[in-house]
2 protein chains.
Amino acid sequence: MIHSAVEVLRERGVAGVTIDAVLTRSGAPRGSVYHHFPGGRTQLVAEALNFAGDAIGAIVDRAAADGSTEILQRFVELWQKILRDSDFAAGCPVVAVAVGPTGDEELFGSTAAIFARWSEPLRRAFENEGLHADDAEQLATMSIASVEGAVVLCRSQRSRKPLDDVARQLELLIESQKFLTRGRSARTDK
Amino acid sequence: MIHSAVEVLRERGVAGVTIDAVLTRSGAPRGSVYHHFPGGRTQLVAEALNFAGDAIGAIVDRAAADGSTEILQRFVELWQKILRDSDFAAGCPVVAVAVGPTGDEELFGSTAAIFARWSEPLRRAFENEGLHADDAEQLATMSIASVEGAVVLCRSQRSRKPLDDVARQLELLIESQKFLTRGRSARTDK
DNA sequence: GTCTATACGAAGATAGAC
DNA sequence: GTCTATCTTCGTATAGAC
């Protein structure tokens, strides 16, 4: 059921996650909804969001040991697969919540936590690769923002190109940042 | 009324644009809704989207003659202002539609057209500044994607920092692209 | 645990008076 | 053009049987 809720969330946004839609997709029995989710629809959306955030976070973590390039590659591949498998009908569930109605403070807090969780391994990887703390953090933010933005553009254009373009530009940016840092360090070290 | 619809769209997403909400905010009379918008809610959302897209497109166009740096600066300032004025309650109306329910093919097509309209002056500016066609297009896509993604992050974190960080990294990326192109051209030209 | 039935509210849309 | 009233649909949530 949570799995189905995530799918609907990706495709139709927060408002689209109705109990009916989730029930239809999952084939779960109607009578058991409020047994498993006493909090009703609200709880269902919250659990779907956190489940999706954790799942993607785990994928990022798994690539963390291999360096920033690998993390980003996995992250981009992940979205390309989601876009392709859904024929550009599905986007990022966390973005879906973050652009939804603002009233739900708890949900909103979760999105911030999830984005932070995703960017943390990136930030650390950039630092391990020699970048200064400020640059590493900015680059991590830039990575998440540009990929998430690209996913929106891909859905809008029904094309994988925006995400391909962004991935390429991100690579260039990271390379040039490393190059500049090495240059500065070399001068500083002498 | 359209103006109010844009506001609601930015704050609550597509699903949040109910006739009631727009009426309340605008103070317009209930009886005249279907007089001015025979297409009902659907038409209202469509006109709000296109109005917002044109308004922002016009701002971008106005800065086009001054070069890519100025376009981007205006674009970023625009979002910072929207975020600040709304206390991080408002995001991008076009993104709101693009992550909404997929059924509405016409609305979806409009988002693609609007994103294309916004990136076109950027692409041209990059080309005028010496970048190759491919690079210029990729950079334009990267600019739109990263800024839009940053706006989402800003709302989520209730902070202007993500957008500031992204703006800074974009500058660096563009500078390094220009530098590389000059290097390649110099070698090619000799 | 899961079922059916139903209360309740919100929202879109139409009809007919003014 | 704008008003009020009304119909219909849809979605949440609860009640009570099995």
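Naming: A, B, ... by sequence-line order, numbering from 1 per chain.
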Checklist entry - Passes side-chain hydrogen bond (donor to acceptor under 3.5 Å, both in side chains), A:D164 versus B:Q138? Steps please. => result CA-CA 9 Å; A:D164 285 335; B:Q138 285 187 12; over 6 Å; no
Item to check | Heavy-atom donor-acceptor pair, A:S156 side chain to B:A112 backbone, under 3.5 Å | outcome: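 Yes, A:S156 side chain to B:A112 backbone: donor-acceptor pair under 3.5 Å.
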Checklist entry - Would you say B:R155's side chain and B:E11's backbone share a donor-acceptor pair under 3.5 angstrom? => result yes
Distance in angstrom units between [X] [atom1] and [N] [atom2], rounded:
{"X": "A:R41", "N": "D:dT14", "atom1": "CZ", "atom2": "P", "answer": "15 Å"}
{"X": "B:Q43", "N": "C:dG12", "atom1": "CD", "atom2": "P", "answer": "14 Å"}
{"X": "B:F37", "N": "C:dA13", "atom1": "CZ", "atom2": "P", "answer": "13 Å"}
{"X": "B:M1", "N": "D:dG1", "atom1": "CE", "atom2": "P", "answer": "15 Å"}

Item to check | B:D61: partners by salt bridge (charged side-chain N to carboxylate O under 4.0 Å, His left out), with sequence neighbours left out | outcome: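 Expected list: B:R117.
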Next on the checklist: Can you tell whether the side chains of B:K81 and B:E77 come within less than 4.0 Å, N to carboxylate O?
Outcome noted: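 Answer for the salt bridge query: no.
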Checklist entry - Same cluster or not: are B:F88 and B:V99 linked, directly or through other Ile, Leu, Val, Met, Phe, Trp or Tyr residues, by side-chain heavy atoms under 4.5 angstrom apart? => result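 Yes: a chain of side-chain contacts under 4.5 Å links B:F88 to B:V99.
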Next on the checklist: Give the residues of residues 20-36 of chain A touching DNA chain D, defined as any heavy atom closer than 4.0 Å, sorted by residue number.
Outcome noted: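 Per residue number, the list reads A:D20, A:Y34.
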